[in-house]
Amino acid sequence: MLEIQRIRTEKEAVIEGLKKRNFDASAIVENLLDIDQQWRTSKTELESIAAEQNVLSKEIGDLFKQGKQEEANAAKAKTAELKTKEAALKVTVDEFENQITQFLYQIPNVPNNLVPAGKNELDNITVEEVGSKKEFGFAAQPHWDLAKKYDLIDFELGVKITGAGFPVYKGKGAKLQRALIAFFLDEAEKAGYQEFTPPLVVNEASGYGTGQLPDKEGQMYYINEDDLYLIPTAEVPLTNIYRDVILPSEDFSIKMTGYTPCFRREAGSYGKDVRGLNRLHQFDKVEIVRIEHPSNTEKALTEMINHVKGLLEKLGLHYRVLRLCGGDTGFASAMTYDFEVYSAAQEKWLEVSSVSRFDTFQSTRLKLRFKTNDKKTQLCHTLNGSALALPRIVASLLENHQTENGIVIPEALRPYTGFDRID
RNA sequence: GGAGAGAUGGCAGAGCGGUUGAAUGCACCGGUCUUGAAAACCGGCGUACCGAGAGGUAUCGGGGGUUCGAAUCCCUCUCUCUCCGCCA
């Protein structure tokens, strides 16, 4: 969430910035600041009553010690009045605080200056396109047909065991998954990211920390019995490693990576978009997460973008990089770059990675801070990105590297697969 | 699942219902001393909110209660640890 101080001091800029998301924050900000003002007034009053009480209590203690019973009892009578006033004020103050939090939860992150205004994916900016559409010279098949033809993925079997959206990978299909995971992790490690194997299930506090809760509650699988959530992305457990942490100096750059399965309920999706591997309830992903000094965020973001580009190039995929417009940028993100790979057979672009900077939006909730050189605490910036999500990568590898006699494994992946073609 | 123990500052570890935001040790920061370092000594050292500031308030796992006053008493929740059972 946004810092309330920022809304107080940069009210107009916040409202203006949020317009790029088609989010009209003016009413909510006005209400928020109004409540905030009332809260401060009540709070000050409450605290002065508390101060008065504290003084009285000490006096009473002294009087008792000196054996002045009567005077002590007289003083006690005075506190009764203060107590009723205090109790009533406390309710008001709590109520204001509640309202403030509720308001803050409703306000999305303010987009970065570079983010274009816009409603949906049509307003995104294509920053770069690398490669070109492949000419096959024969009728290219979509990945679900290829998966069946080469016996790589069994969607029906997944339905039998679990339900739609839970495919079963087998043989070279399974091996390809494993190879991609190892490849991505090794590349991340080479780029300086420390590998983690985090829990796949998280508590409520973690969900709030990275912003999945309260707004995206329905997206996560929930284990009622234990009040835990299946992770929708490794971002959640990885970033929460640093929840409630104050880094001791300004000199830091934390780079984490981790492979995890990801679980998403994604209710209410139909049709062609969810065919095959395009959208699943369970999928594998290697995530990169960074915690940075605010002055280093821009550089970190660039490095992450280049890292993802490098992966796609090593896999020989034709891709493009989009800077998302305000309306398409996620609630918590200040700026997001999407990476899309062209699916030759489906004739459309598939999103395979999303790299975002959150600035202080997550760290506010996480209480993730660092000590400045002059001993002040300041919020860190967080960033994360997929590097990469497997299913659509698998889909595009199959589709783009298909030949009439098999699927060619890219050079970079062969040490991991142990085979150079699927036929 | 059964039985028990516990939750205090970065860590370790005291704490009688009253001047305890909290002893003490370690760690850390600044200083003195030293050619430099170590040692020793002196000082400092949590977080958050309100306030221009002085300062105030809150915080000893969370919530509630008793009391003029609670880290200290009561209730409740959560978590951790130990033992037993079950199990990869």
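Residue numbering restarts at 1 for every chain, and letters A, B, ... go by the order of the sequence lines. Hydrogens, waters and symmetry mates are skipped; everything else that's a heavy atom, side chains included, is used.
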In terms of heavy-atom contacts, does [atom1] of [X] have more than 12 from other residues, nucleotides or ligands at under 6.0 Å?
X	atom1	value
Asp226(A)	CG	yes
Glu250(A)	CD	yes
Glu81(A)	CD	no
Arg178(A)	CZ	no

State whether [X] and [Y] are salt-bridged, where the test is any N-O pair (Lys NZ or Arg NE/NH1/NH2 against Asp/Glu carboxylate O) under 4.0 Å.
X	Y	result
Asp186(A)	Lys190(A)	no
Glu16(A)	Lys19(A)	yes
Lys299(A)	Glu303(A)	yes
Glu30(A)	Lys11(A)	yes

Trace of the salt bridge (Lys or Arg N to Asp or Glu O under 4.0 Å) decision for Asp62(A) with Lys58(A): CA-CA 6 Å; Asp62(A) 289 340; Lys58(A) 274 180 190 169; over 6 Å; no
Row check, Phe419(A) ring normal vs Lys175(A) NZ/CZ: under 6.0 Å, within 45°: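 Not flagged: Lys175(A) not positioned over aromatic ring of Phe419(A).
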Between [options], which one does the side chain of [X] approach most closely?
X	options	value
Trp39(A)	C68(B), C50(B), U19(B)	C50(B)
Ile60(A)	C49(B), G18(B), C50(B)	G18(B)
Arg369(A)	A48(B), C50(B), G18(B)	A48(B)

G51(B) OP1/OP2 closer than 4.0 Å to side-chain N/O of Arg40(A):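 The answer is yes; a side-chain N or O of Arg40(A) sits under 4.0 Å from OP1 or OP2.
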OP1 or OP2 of G69(B) under 4.0 Å from side-chain N/O of Lys83(A):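 For G69(B), OP1 or OP2 has a side-chain N or O of Lys83(A) closer than 4.0 Å.
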Sugar-phosphate only, base, or nothing, as touched by Ser57(A) at under 4.0 Å among non-hydrogen atoms: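 Result for Ser57(A) = base.
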Sugar-phosphate, base or nothing in reach of Leu82(A), heavy atoms under 4.0 Å: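 Answer is nothing: Leu82(A) stays at 4.0 Å or more from every strand.
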Whole-Å distance separating the [atom1] atom of [X] from the [atom2] atom of [N]:
X	N	atom1	atom2	result
Arg365(A)	A48(B)	CZ	C1'	19 Å
Gln38(A)	C50(B)	CD	P	16 Å
Asp227(A)	G62(B)	CG	C1'	14 Å
Asp244(A)	G62(B)	CG	P	12 Å
Asn203(A)	C77(B)	CG	P	20 Å
Leu247(A)	G10(B)	CG	C1'	13 Å
Lys376(A)	A48(B)	NZ	C1'	15 Å
Gln37(A)	C49(B)	CD	P	17 Å

Residues in salt bridge (charged side-chain N to carboxylate O under 4.0 Å, His left out) contact with Lys149(A), at least two apart in sequence or another chain: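 By the salt bridge (charged side-chain N to carboxylate O under 4.0 Å, His left out) rule, Lys149(A) matches no residue at all.
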Counting only Watson-Crick pairs (N1-N3 plus N6-O4 or O6-N4) and G-U wobbles (N1-O2, O6-N3), all under 3.5 Å, who is the partner of [N]?
N	answer
A27(B)	none
A48(B)	U57(B)
A14(B)	none
G85(B)	none
A22(B)	none
G9(B)	none

Whichever of Ala80(A) and Thr44(A) has its nearest RNA chain B nucleotide further upstream toward 5':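 First, find each residue's nearest nucleotide; the 5'-ward one identifies Thr44(A).
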Which residue lies more 5' along RNA chain B, comparing Asp62(A) with Ile4(A) via nearest heavy atoms: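 Checking each residue's closest nucleotide, the 5'-ward one belongs to Asp62(A).
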[atom1] atom, [N] versus [M]: distance in rounded Å?
N	M	atom1	result
C74(B)	C87(B)	C1'	39 Å
U8(B)	U80(B)	P	14 Å
G31(B)	A37(B)	P	11 Å
U20(B)	C45(B)	P	16 Å
A38(B)	G55(B)	P	35 Å
U76(B)	U19(B)	P	29 Å
U66(B)	G13(B)	P	35 Å
C60(B)	C68(B)	C1'	22 Å

Summary of protein contacts for nucleotides 52-58 of chain B, nucleotide by nucleotide, where a base hit scores B, a sugar-phosphate-only hit scores S (4.0 Å, heavy atoms): ----BBS
Side chain to side chain donor-acceptor pair (under 3.5 Å) partner of Tyr193(A), chosen from Lys255(A), Arg290(A), Glu287(A), His307(A):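 Only match with Tyr193(A) under side chain to side chain donor-acceptor pair (under 3.5 Å): Arg290(A).
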Contacting residues from residues 90-99 of chain A, given that a heavy atom lies under 4.0 angstrom of RNA chain B: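 Output list: empty, so none.
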